[in-house]
Amino acid sequence: MIEVAKALVVTVEAIKNFSEEAVLNIIRNTFQDYGTIITGNYNCTINPLEKVVELYERLVLAEKEKVEYLEKLLKEK
């Protein structure tokens, strides 16, 4: 686990204590809706929550792929 933590540039405790629910709670508790921007006659409606969720899902997938790759490397040794 130490090698995985070093490769991810995080502490071992961060890996042990990782919780997707905690991340979602942080996002929910700190999110403010500035989705509608009005400038003159130009109205742009963006749902930032959808973008945050999309980014979070991509980050989780990337981290899972990274962990799988690192575990594969460890098994080969």
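Hydrogens, waters and symmetry mates are skipped; everything else that's a heavy atom, side chains included, is used.
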Task: With Glu57, the side-chain contact (heavy atoms from CB on, under 4.5 Å) member among Val53, Val60, Leu61 - done: Val53

Show me the donor-acceptor pairs within less than 3.5 Å that the side chains of residues 1-16 make with the rest of the protein, sequence neighbours left out.
residue : atom : partner : partner atom : Å
Thr11   : OG1  : Ala14   : N            : 3.0

- [ ] Tell me who clusters with Leu59, hydrophobic residues only, linked when side chains sit under 4.5 Å apart either directly or through other members.
- [x] Leu55

TODO: Report the distance from atom OH of Tyr69 to atom CG of Leu74, rounding to the nearest 0.5 Å.
DONE: 11.0 Å

Open item on the list: Enumerate the salt bridge (charged side-chain N to carboxylate O under 4.0 Å, His left out) contacts for residues 64-75, please, sequence neighbours excluded, ordered by first and then second residue.
Closed with: Glu63-Lys66

